[in-house]
Every structure is written in structure tokens, then in C-alpha cells.
Amino acid sequence: MTDQRFNPLSADKCWQARWAESGVFEADDNSPKPRSYVLEMFPYPSGRIHIGHVRNYTMGDVLARFRRMTGHEVLHPMGWDAFGMPAENAAMEQGVHPSGWTHANIDSMKAQLKRLGFALDWTREFATCDPEYYGHEQALFLDMFDGGLVYRKESAVNWDPVDMTVLANEQVIDGKGWRSGADVEKRKLSQWFLKITDFADELIEGLGELDGWPDKVRMMQENWIGKSQGLTFRFQLDQTAGEFKDIEVFSTRPDTIFGASFCAIAADHPLALSLAEDNTDLAAFADDCRKTGTAAADIETQEKKGYDTGLTVTHPLDPSWQLPVFVANFVLMDYGTGAVFGVPAHDQRDLDFARKYALPVTRVVAEKGEENAPVHDEAYTGPGQIINSQFLDGMEVEPAKQAVIDRAEGEGWGQGSTVYRLRDWGVSRQRYWGTPIPIIHCDDCGVVPVPKDQLPVELPEDVSFDKPGNPLERHESWKHVDCPKCGARAVRETDTLDTFINSSWYFLRFASQPDDQPFDRETLAKWMPVAQYIGGIEHAILHLLYARFWTRALKSLGKVDVAEPFASLFTQGMVTHETYSRSRGEGKGDIFFNPTEVDRDGNGATLTADGKPVDVGRVIKMSKTKKNVVDPDEIVDQYGADAVRFFMLSDSPPERDLPWSEAGIE
Ligand code: ANZ
Ligand code: ZN
């Protein structure tokens, strides 16, 4: 007789086969039951599933099952976020084709997910690298193009002068190319942008209704969009400087206008560029400014530097008052108007700057009793009453701001305005493994959209990665086509779309996937919005913001009915594990080992292969790069899918991190 004990291997397989045959997990679009769409962020097919994925998908699975048991028709789909750089890196390193690499990974990860017995509707599975999917994406891009939401503009990219290729931000490490080690340069290229800034206000407003979202994520989105209200006005120049008569500045603190002691413009401000044309010192200074980072954190820490242009402007509220004009490294060209007035007493950057260039420091806001307190090394940014400010004296900060805006508007020299930190979304990538941008460039007709009946613009298969750069650019027969308008020889756009676009609408395609269009509006209306979305906090800003934007953009074009794609969001904790590594030698980085390659005892760890010690690192989020991942296959075979999934849920609250240990499940 055979062993009568429960055998997870055979029991799981038996039931999983039965579920698949009977289609129990397939969602019925026409069911009369109330619907519930449960979705976990779909995975990037990096190679293997690890325990972190298992936890995430188990949470969704439990909810999907609960909803099903409480009488809902549940949509719980799965697919693959399949475009992106790792496939191209694998192509360069291992000589495999990105498509082959990706599909092999999908096959093995899919087998792993199936082995775990998740209640998924596999009939709706797709990969974003399927031409059907990205063809519909191209159609949506063209809809946005027709709707005026797409434009082209010169913009800076990271250029590796040795590999002669454009680098993504994450390929630039300490200012050097990750592969060549060469100093990365900024180059201007013509690139495509989506007008996400048109939706900035809506995207903030919409957060207010998302009460199923964590406050933390809503706050992060709001800060990212960064809405600031203030005053925009023009300073009149006292000397003419070429075509320039004035400088437009933006301030969130018009109440401090009588504390102004200088005007500062960005190195890339048109006036600075014009002055630099015949001033080599200024040109050199501006070059220097461009080299240092422009991220907020860089600006805060770097030394404040300026170049005195010798020009002056007149204070708008006092014609006898002149302020010097500097070009300064802490003023950004792409925020506000690229020019500011500096108030040293109430802004730390301005104070550091004023001390360095011996500019006046006048306090104009003070708490009671502090009116005569000197300003030392710290700018005062708190509340108080306005002093030393003529008609504003005695007012509180907020009314004073309004009083200055009213005065400016009344006298016609400025107006109240709103600026956003959010920039338009640059979607061009000089990469092969992405959605081709469906545009043709013709010498006579200019930019010509590919006619919809010629979609998808498919990626050519016959490409090689033996040279750096984008193989689409070297592919003569793919690149050269006839202009759809005039028939003359023309060239295809060789850039592909940012992969964040792929994940900005996959949830729509899961809910409805006709052949002849991206989705059917009526079917979508049955399922959307996603009732519960589950994923990692690392996607709190970009992915979620882009998906919200894309959905709103489609709504504005009349393509969908919902404005917000995800009614509720849950950000799960990470599964963590310690790391094992050895140094490759001074400055050469570390080599990491998988937990299966290591023998761990109470004191330390040794590599099984050579018996010599390895360094035991901190317990951190499982990730492929640190190799601290645990593959579920062995434990699933040993304990069964139910036990593994149950353990994943029982050992730690879902929002908390879960340090993985084999002992726990035992
Ligand atoms: C005068 C002033 C006085 C300012 C004061 C601040 C404090 P947020 O709140 O982040 O929107 N600013 C404006 N444009 C800038 C640019 N292109 N590069 C660098 N700084 C810029 O910041 C708005 C404030 O940042 C503005 O208000 C301006 O300085 C500065 F006591 O104007 B303020
Ligand atoms: Zn043409």
C-alpha cells in the first residue's frame, strides 16, 4: 500500500489540474453578481519568483477568494511587465535575444505561480511585449497625440562618450557610465513628452477622494506634484541688456518683498545665456553650474555660488531702490520662471548667499519681542508679524502675501500665480526593448503619425547587441519607410516608449481585451475601478501617478468613464533576508551569494564551495542584485502550496516587513 500521509506534491497537482479544467477562476463579464476587481502589481519577468512575490500574490489571492465566497464575481488576473533594460543587458552580456530571454523567464515564473495554486484567471494573461498589447498602446499614444497631449521638445539626456550611447539615470553611477566608467555628458536630443502637467491640479484634487489609499502614499504624490501659490512679477532692468528689459520672478513669499536684497537668475536663463555670449568668465561660471546636480538634495548641500552680472533691477514698490542681478547655482531654470528675488533673513539659501557676497540682510518677519533680534546663521521661516515693510507692517504673513498680490495686480506689475514642481513626462527612450513610438519623420511633411491601420509598428527581430547604442537606429530596412502622407522616403522614430507607459493601462486591458481596440468601454465600466490594488511602496510615486494620469487622460478623450483607476491601495511589507558577500578587492565592489550557496551557523557563514567565510550583511528587502532571494519551489514541494501561503500570512502583519526564515515554516 502507498503512504497514506498527505502528500502535498500529488494533492496540489491533482486539484490544480481540476481547477484549470473547470475554469473556476475565470471571470464572467456578464455575471449578474456584484463585481470585484482584485489586482496585484504585475511582475517584471526577471527570472524566478521569490518568496517576496509569493507574499504579495498570496495577499491578493486571499482577498479574491474572500470576495468570491461572499457572492462576488471576481476578476483576479495576471500578466507580465515584460519590456525594460534587464533584457537588453542580458542580450549584451549573454548574447541572447531580449525576446527569448523574456519569454523563457515568463515560462518559468508562470510555472512557479501555477505551482502555488493561486486563484488567477489565466485566460486574460498577456505580456506587455506582445505586439497585440503594444500595438494597442501605440493606438492610445496616437489618440493622445490627436488630443494635443503629446509634444516634442529638445531635452537633455545622459550621454556616454565612450560607448556612444544614451544612458538611463540608473545607469549613471557617480557621474560615470556604468559600463565604460567614462564621465557622462549632458546632450540635447529631441524627445517626446506627455502633458501630465495639464492634469496637475486634478491629480492633487483626486487624492482627496481616495480614502482607500494610505495617507502616506497620498502625501508622497501631493509632494511630488508640488503645488505652490505665490506672486509672479517683472523686475524692470535699469540698464538694457540686448533685447531684455525686465526679469520675471516667482515667489511663494511676496510678504517678504521688502526684505529683498538681490535678484538671481538660473545659469540657463535666456538673459544669462545672452550675457555669456560675450563674457567668457560668465560662460565658464555657467558651465560649472551645469555640472553639479540639480536635484533638490544636491542644491541644498552644495555651496551657494553666484556671478555678479553688474546689472541692477528696480524694486517694484520703491523706484529709488536698486538690487544687483546675479547668476546663481541654486536657481533652477525649469521651476517657476527661472529667476527669484532673494530674501536672506527668511530663506536659508539666500542667507548663505548674502553672507558670501556681503549683501544686506533685513528682517521683515518677527515674532512679538523679536523685532530687533539680529539674524545670525539661521534664516527665520516661522510665523510672525511683518516689520520694516511700509504698508505691510503689523500684518500676519498670510494676509501680507495677499496684500502684496492685490497691490501688484491693482498696479499691473504682477499677478498671483500657481506653479508646480511636476514636469511633463518625457517618454522617449533610446532603447530597443520597448514599444516603438508610432511616428514617421518626413523631410517634407514633418512629424507624421503612423496610420492606425498600420499598427502595430512591430519591433524587428533581427537585431544585434554587439555594438552599443540602439539597434533600431542601425536597422536600415526597419528604419527607412515611405511617408504615409506624401510617399517620399522617410524615417521611423527609433526611440521607444518609457516602460512606465506599459504599466499605466494594463489593468484596463485585463478587464477587457477585444482584438480590434485597446478595450471595450462598456465592459471596462463593469469592472473598473480596481476594487483593491496591492503592491510595493516603491511604486508609491511614479507608477501610481502615471497610471492615474493615463486614466484621466483617457477620460478626457472620452475613452473611459472612470477618472481614478484604483479605488483602494494596499502597500505590503517586504520579505527580507540577510545578505552574504565577499569583497572583490579595494574599490571593486562586492560579490553576492545566494542563501543556498552558504552554510550559516550561530557565529557566521561560510561558502559551501570553499569552506571559507563570507560577510553576513544586514537583513534587507529581497532583490536579485543582492542575491538574498529565496526560491519557493523547494519549500512548496516539501510543505505544499497551502502551508507556504498560510505561513506567509500568519507570520507577520501584511503591512509589516517579514524576515524570512526556514525555521518559521518548519
Ligand atoms: C522670495 C522668498 C523669500 C522665497 C523667502 C522663499 C522664502 P517652493 O515653496 O518650493 O515652491 N524659487 C522660485 N523659483 C525658483 C527657481 N527656479 N530655483 C530656485 N528657487 C526658486 O519655493 C518657492 C520659492 O523658491 C520662491 O519663493 C523662491 O524664493 C524660490 F523668505 O521668493 B522665494
Ligand atoms: Zn511626407
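Every heavy atom of this structure was used, including side-chain atoms; hydrogens, water molecules and symmetry mates were not. In listed order, ligands and their atoms are each counted from 1. By convention here, the first residue in the shown sequence is residue 1.
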Indicate whether the side chain of [X] and that of [Y] have a donor and an acceptor atom separated by less than 3.5 Å.
X: Thr314; Y: Asp238; result: yes
X: Trp413; Y: Gln236; result: no
X: Asp462; Y: Trp478; result: no
X: Glu132; Y: His136; result: no

Side chain or backbone of [X] under 4.0 Å from ligand 1, or both, or neither, by non-hydrogen atoms?
X: Arg349; result: side chain
X: Val340; result: side chain
X: Phe341; result: both
X: Ser251; result: both
X: Thr252; result: both

For this session: Say whether Ser228, considering both its backbone and side-chain N or O atoms, lies within less than 3.5 Å of an N or O atom on ligand 1.
Result: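 Yes: some nitrogen or oxygen of Ser228 is under 3.5 Å from one in ligand 1.
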Exercise. Taking distance alone, with no angle check, do Tyr335 and ligand 1 share an N/O pair under 3.5 Å?
Worked result: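 Yes, there is a polar N/O contact under 3.5 Å.
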Problem set entry | SG (Cys483) - the Zn ion (ligand 2) - SG (Cys445) angle, nearest 10° |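 It is 110°, given to the nearest 10°.
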Nearest protein heavy atom with distance in Å, relative to [atom]:
atom: atom 6 (C) of ligand 1; result: Asp347 OD2, 3.4 Å
atom: atom 18 (N) of ligand 1; result: Leu332 N, 2.9 Å
atom: atom 3 (C) of ligand 1; result: Thr256 OG1, 3.3 Å

For this session: Between Lys227, Arg253, Met333, flag the one that comes closest to atom 5 (C) of ligand 1 by a heavy atom.
Result: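 Shortest heavy-atom distance from atom 5 (C) of ligand 1: Arg253.
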Exercise. Given His346, Gln229, His269, which one has a non-hydrogen atom that is nearest to atom 31 (F) of ligand 1?
Worked result: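 Among His346, Gln229, His269, the closest heavy atom to atom 31 (F) of ligand 1 comes from His346.
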Could you tell me which atoms of ligand 1, counted from 1 in the order shown, lie closer than 4.0 angstrom to a heavy atom of [X]?
X: Phe250; result: 13 (C), 26 (C), 28 (C)
X: Phe330; result: 18 (N), 19 (C)
X: Val331; result: 16 (C), 17 (N), 18 (N), 19 (C)

Exercise. To the nearest 0.5 Å, how far apart are OG1 in Thr494 and CD1 in Ile437?
Worked result: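 So the gap between those two atoms works out to 8.5 Å.
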Exercise. What are the two closest non-hydrogen atoms of Val419 and Gly336, and how far apart are they?
Worked result: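 For Val419 versus Gly336, the nearest heavy atoms are CG1-CA, 4.1 Å.
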Problem set entry | From Glu209, Glu205, Glu564, Glu202, residue fulfilling salt bridge (Lys or Arg N to Asp or Glu O under 4.0 Å) relative to Arg548 |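 It is Glu564, the one option of Glu209, Glu205, Glu564, Glu202 that forms the salt bridge (Lys or Arg N to Asp or Glu O under 4.0 Å) with Arg548.
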Exercise. Do Arg552 and Asp198 meet the salt-bridge criterion of a basic N to acidic O distance under 4.0 Å?
Worked result: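 Not counted as a salt bridge, because no side-chain N and carboxylate O are separated by less than 4.0 Å.
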Exercise. Thinking salt bridges, do Glu371 and Arg363 make one under a 4.0 Å N-O criterion?
Worked result: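 Here Glu371 does not pair with Arg363 in a salt bridge, since their nearest N and O are not under 4.0 Å apart.
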For this session: Take the angle between the ring planes of Phe326 and Tyr357 and call it parallel below 30°, perpendicular above 60°, tilted in between.
Result: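 Tilted: the ring planes of Phe326 and Tyr357 meet at 30° to 60°.
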Problem set entry | Close approach of Arg421 to ligand 1, heavy atoms, under 4.0 angstrom |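 Yes; Arg421 lies near enough to ligand 1 that a heavy-atom distance drops under 4.0 Å.
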Exercise. Under the 3.5 angstrom rule, does the side chain of Arg187 hit a backbone N or O of Ala156 as a donor-acceptor pair?
Worked result: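 Flag not set: sc Arg187 to bb Ala156 has no pair under 3.5 Å.
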